[in-house]
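Down below is the structure, laid out as structure tokens.
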Amino acid sequence: MLDELIDRYSKYSDPELMNIYLNINAYTDEAQKALKIVIENKGGINSLTERYRKLAEKEEEKLRIYNEVDRLYKKGNTKNDINSTICSEILSEEEIHQITDMVSNKLEAERTNVAIKTSTYVGSILGGVLGGTIGGILWALQIIYSGHLFYIFAVGLGIISYGFIKFFTKQNKNNMVVFIFTIASVLYALILGFYIYEWFGYRGPNR
């Protein structure tokens with residue numbers, strides 16, 4: 001068992017080992033012994049602590065750079081301007097450029113998502129009608145065969161309508177048109193369901 005634990009802990013990263021070390025009292029004596037052996041094999045606790053400190057410092061610096069790049073982008077700076085402005089004593093130039101690209105891609109995706117285009121209206125109408133029709137039929141069947149109104153089912157209608165609209169527009173609820181048409185589609189489904197029920201009437205048990 002000890003050898004198995006040593007083999008397992010040997011594959012752990014420094015943060016994982018440090019997390020175990022900080023909660024050592026929660027582990028069995030055998031696990032504690034295995035951990036100490038692995039830590040010693042990796043240079044001892046002082047070496048592990050130093051590596052962990054540097055890793056945490058690097059992650060904090062990445063977060064700082066990320067927030068700074070995000071701020072500069074939102075002020076209208078270009079990628080080249082930002083890359084020439086941002087500097088770090090901890091991160092390499094390549095790592096800074098990777099963060100810049102990450103923020104750029106994120107903001108571009110956000111802009112694309114909230115943009116209102118012809119395809120947004122077409123996809124919202126098509127998805128809203130299709131999702132609302134399917135949802136309305138399911139809503140009607142629920143009433144027809146149960147004789148009860150389960151308004152929690154409206155949540156399901158919302159999921160169906162939103163799913164179809166998102167599929168056709170490739171945009172999510174943060175887009176105002178998608179959001180409005182999702183609500184409209186749910187209302188359409190509810191009204192359609194009631195009309196279908198009025199047409200066919202109750203068909204459940206004890207009819």
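The number of heavy-atom neighbours closer than 6.0 Å to NZ of K36, taken from other residues, nucleotides and ligands shown, is 12 or below. Crowding of F179 atom CZ: a count of heavy atoms from other residues, nucleotides or ligands under 6.0 Å not exceeding 12. Residue-environment remark: OH (Y21) stays at or below the threshold of 12 foreign heavy atoms within 6.0 Å. Within a 6.0 Å radius of CD in E50, more than 12 heavy atoms belonging to other residues, nucleotides or ligands are found.
Note on V122 and L130: separate hydrophobic clusters, where clusters join Ile, Leu, Val, Met, Phe, Trp and Tyr whose side-chain heavy atoms are under 4.5 Å apart, directly or indirectly. Transitive grouping of hydrophobic side chains (ILVMFWY, heavy atoms separated by less than 4.5 Å) brings I160 and I137 into a common cluster. Hydrophobic clustering (side-chain heavy atoms under 4.5 Å, transitive across Ile, Leu, Val, Met, Phe, Trp, Tyr) groups F164 together with W139. I144 is connected to I134 through a chain of hydrophobic side-chain contacts under 4.5 Å among Ile, Leu, Val, Met, Phe, Trp and Tyr, so both are in one cluster. I125 and I180 fall into different hydrophobic clusters, where Ile, Leu, Val, Met, Phe, Trp and Tyr residues are linked whenever their side-chain heavy atoms come under 4.5 Å apart, directly or through other members.
Side-chain atoms of N19 do not come within 3.5 Å of backbone N or O of P15 as any donor-acceptor pair. With hydrogens and angles ignored, the 3.5 Å screen pairs no side-chain donor or acceptor of Q171 with any backbone N or O of V178. A donor-acceptor distance shorter than 3.5 angstrom exists from the side chain of E16 to the backbone of S13, with no hydrogens or angles considered. Formation of a donor-acceptor pair under 3.5 Å by the N113 side chain with backbone atoms of N172 is found in this model. Using modelled atom types, one side-chain atom of T49 and one backbone atom of I45 make a donor-acceptor pair closer than 3.5 Å. At least one donor-acceptor pair under 3.5 Å links the side chain of T120 to the backbone N or O of K117.
When the side chain to side chain donor-acceptor pair (under 3.5 Å) test is applied to D81, the partners found at least two apart in sequence or on another chain are T78. When the salt bridge (charged side-chain N to carboxylate O under 4.0 Å, His left out) test is applied to E110, no partner is found at least two apart in sequence or on another chain. For D7, there are no side chain to side chain donor-acceptor pair (under 3.5 Å) partners at least two apart in sequence or on another chain. Take F167 and apply the ring pair (Phe, Tyr, Trp, His ring centres under 6.0 Å) test, not counting sequence neighbours, and it matches no residue. Every residue was checked against the ring pair (Phe, Tyr, Trp, His ring centres under 6.0 Å) condition with Y66, not counting sequence neighbours, and none meets it.
K42 and Y12 make their closest contact through NZ-O, 3.1 Å (heavy atoms, listed as atom of the first residue, atom of the second, distance). L157 approaches G136 most closely through the heavy-atom pair CD2-N, 4.5 Å. When all heavy atoms of A189 and G132 are compared, the pair lying nearest together is CB-O, 3.3 Å.
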Apply side chain to side chain contact (heavy atoms under 4.5 Å, CB included) to the pair D70 and L107, showing each step before the final yes or no.
CA-CA 8 Å; D70 186 70; L107 294 178; 3.7 Å; yes
Quick one: do Q98 and E94 satisfy side chain to side chain contact (heavy atoms under 4.5 Å, CB included)? Show the steps, please.
CA-CA 6 Å; Q98 287 176 351; E94 182 181 354; 3.7 Å; yes
Dump the intermediate steps for side chain to side chain contact (heavy atoms under 4.5 Å, CB included) on S124 and F168, then the final yes or no.
CA-CA 7 Å; S124 294; F168 284 109; over 6 Å; no
Is there a salt bridge (Lys or Arg N to Asp or Glu O under 4.0 Å) between K54 and E57 once you walk through the steps?
CA-CA 5 Å; K54 288 182 178 180; E57 188 179 58; over 6 Å; no
Can you check salt bridge (Lys or Arg N to Asp or Glu O under 4.0 Å) on D29 and K33, steps first, answer last?
CA-CA 6 Å; D29 291 340; K33 185 177 180 180; over 6 Å; no
Please lay out, stage by stage, how L35 and Y27 fare under the test side chain to side chain contact (heavy atoms under 4.5 Å, CB included).
CA-CA 10 Å; L35 178 65; Y27 290 81; over 6 Å; no
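In this structure, E40 CD and I37 CD1 are separated by 9.5 Å, a value rounded to the nearest 0.5 Å. Atom CE of M18 and atom CG of L48 lie 4.0 Å apart (nearest 0.5 Å). Here OH of Y9 is found 9.0 Å from CG of L17. Values are rounded to the nearest 0.5 Å. Residue L5 holds its CG atom at 5.5 Å from CZ of R8, rounded to the nearest 0.5 Å. Here the CG-OG1 distance, from N83 to T100, works out to 4.0 Å after rounding to the nearest 0.5 Å. Taking OG of S47 as the start and OH of Y52 as the end, the distance is 15.0 Å to the nearest 0.5 Å.
When each of E61, E95, R64 is checked for a side-chain hydrogen bond (donor to acceptor under 3.5 Å, both in side chains) with S88, only E61 meets the rule.
A 4.5 Å side-chain heavy-atom check between L91 and I99 finds at least one atom pair inside the cut-off.
Applying the side chain to side chain donor-acceptor pair (under 3.5 Å) definition to pairs two or more places apart or across chains, those involving residues 158-170 are S161-S185.
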